[in-house]
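Heads up: the structure comes next, in structure tokens.
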Amino acid sequence: GNVQDISDFSEFILSDFSEFSQPISENTYGISLGDIVWNKPELFSTYKTLMGRTPVPSFSVIGNHDHNESVKNDTESDADFRNVLGPTYYSVNIGDYHMVVLDDVLYSGETGRNDYANTITQEQLDWLEKDLKTVNKKSPLVICMHSPIHSYKNASLEITYGTDRETSQRLEKIVAPFEKVHILSGHTHKNGLTRVKNGNHELICHNLISTCGSIWWNSSFGQPNLGH
């Protein structure tokens, strides 16, 4: 239930996060890569309050489990996220870095909470192209989204697309002039690092596991509620 989720988040996640971040310099930021409230949009305000108590400013990415499943379209189903945490796509300069957050979950919800597509809308790509025109191409570029754009399909290191190929390839073209591009994603419950040749440079794609995965409730390690 919600009360237990909040208790676990406070005790097992935030306490470790705060302890880890205390000795780090003030130029440190955090980001949640989505699936923040597991289809319980009423928890966004609580999440924001709890994260505000940590010493690290944090940004947020919307995930497929951050939509209101009672609403059957993308724009209105993410209204709860936007009302509490801000826009679903945006950019910010942090020192020499330019960080972009994209929404690559197109939610419909017609057949249930898993009715969505991993894609980036044309509107976002048009905005991104304009946003990056004024950014120095030697500046490190960090793009954050929920679903990975690339990953290795198997041990042969064959590249597969996580988001749909057409929009992924346009994104590749938009960022191709940048010398250093890192893409951060979640969604898969796996850690992975994929390097993709992109013009004269490369995309370095970091797929990062959640702080808990599904493990704190299914006790996969035989140790419940440890938040592995």
Side-chain angles (χ1 to χ4, degrees), residues 1-26 28-71 74 77-88 90 99 101-105 107 109 112-116 118 142 144-148 151 162 183-193 206-228:
N2 289 3
V3 173
Q4 188 62 52
D5 287 340
I6 294 168
S7 175
D8 288 343
F9 183 69
S10 300
E11 182 176 355
F12 300 114
I13 303 302
L14 286 189
S15 59
D16 287 348
F17 180 74
S18 296
E19 182 180 354
F20 172 78
S21 58
Q22 281 289 356
I24 303 176
S25 74
E26 61 183 16
T28 301
Y29 298 83
I31 187 163
S32 169
L33 293 167
D35 287 353
I36 298 169
V37 297
W38 192 256
N39 302 95
K40 297 177 181 178
E42 66 272 17
L43 291 181
F44 279 127
S45 293
T46 302
Y47 168 80
K48 182 178 180 179
T49 298
L50 292 174
M51 291 303 294
R53 296 174 184 169
T54 70
V56 176
S58 295
F59 299 92
S60 298
V61 174
I62 191 168
N64 52 288
H65 289 296
D66 295 322
H67 293 74
N68 186 333
E69 59 185 327
S70 67
V71 180
D74 184 65
S77 67
D78 62 25
D80 296 285
F81 179 98
R82 288 184 281 107
N83 289 339
V84 177
L85 298 177
T88 59
Y90 54 93
M99 187 181 80
V101 168
L102 295 175
D103 174 3
D104 67 345
V105 179
Y107 187 85
R113 64 172 53 168
N114 291 322
D115 190 357
Y116 62 89
N118 292 129
V142 178
C144 305
M145 58 184 72
H146 181 58
S147 181
S151 60
I183 299 180
L184 310 184
S185 63
H187 188 56
T188 67
H189 299 242
K190 299 176 182 177
N191 281 321
L193 178 66
H206 310 259
N207 189 220
L208 305 170
I209 198 168
S210 63
T211 52
C212 63
S214 61
I215 296 172
W216 69 5
W217 57 264
N218 71 13
S219 306
S220 296
F221 288 104
Q223 298 174 310
N225 297 324
L226 290 181
H228 293 278

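In what follows, every heavy atom counts, from backbone to side chain, and hydrogens, waters and symmetry copies are set aside.
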Tell me, with the steps shown, if Lys40 and Asn68 meet side-chain contact (heavy atoms from CB on, under 4.5 Å). CA-CA 7 Å; Lys40 297 177 181 178; Asn68 186 333; over 6 Å; no

Flag the pair Leu85 / Ile36 as yes when at least one side-chain heavy-atom distance between them is below 4.5 Å, and no otherwise. yes

Check salt bridge (charged side-chain N to carboxylate O under 4.0 Å, His left out) between Asp78 and all other residues, then give those that pass, not counting sequence neighbours. Arg82

What's the spacing between Ile31 CD1 and Leu208 CG if we round to 0.5 Å? 10.5 Å

For residues 52-64, which side-chain donor-acceptor pairs fall under 3.5 Å, sequence neighbours excluded?
| from | atom 1 | to | atom 2 | distance (Å) |
| --- | --- | --- | --- | --- |
| Thr54 | OG1 | Met51 | O | 2.8 |
| Thr54 | OG1 | Val56 | O | 3.3 |
| Ser58 | OG | Val56 | O | 3.4 |
| Asn64 | OD1 | His146 | NE2 | 2.9 |
| Asn64 | OD1 | His187 | ND1 | 3.2 |

For His65 and Asp35, work out which heavy atoms get closest and say how close. N-OD1, 2.8 Å

To the nearest 0.5 Å, what is the distance between CG on Leu193 and CG on Asn207? 10.0 Å

More than 12 foreign heavy atoms under 6.0 Å from CD of Glu42: is that the case here? yes

Compare all side-chain heavy atoms of Val37 with those of Asp80 and state whether any distance is below 4.5 angstrom. no

Nearest heavy atoms of Asp103 and Val105, plus distance in Å: OD1-N, 3.0 Å

What residues form a side-chain contact (heavy atoms from CB on, under 4.5 Å) with Val84, not counting sequence neighbours? Phe44, Ser45, Lys48

Side chains of Phe9 and Thr46, heavy atoms from C-beta outward: is any pair under 4.5 Å? no

If we only count heavy atoms from C-beta on, is the Phe81 to Asn83 side-chain gap below 4.5 Å? no

Do Leu33 and Cys144 pass the side-chain contact (heavy atoms from CB on, under 4.5 Å) test, and can you show the C-alpha distance, the side-chain angles, and the key distance before you say yes or no? CA-CA 7 Å; Leu33 293 167; Cys144 305; 4.0 Å; yes

Does some side-chain heavy atom of Val71 sit less than 4.5 Å from a side-chain heavy atom of Tyr107? no

In this structure, which one of Ser185, Ser147, Pro148 forms a side-chain contact (heavy atoms from CB on, under 4.5 Å) with Asp104? Ser147

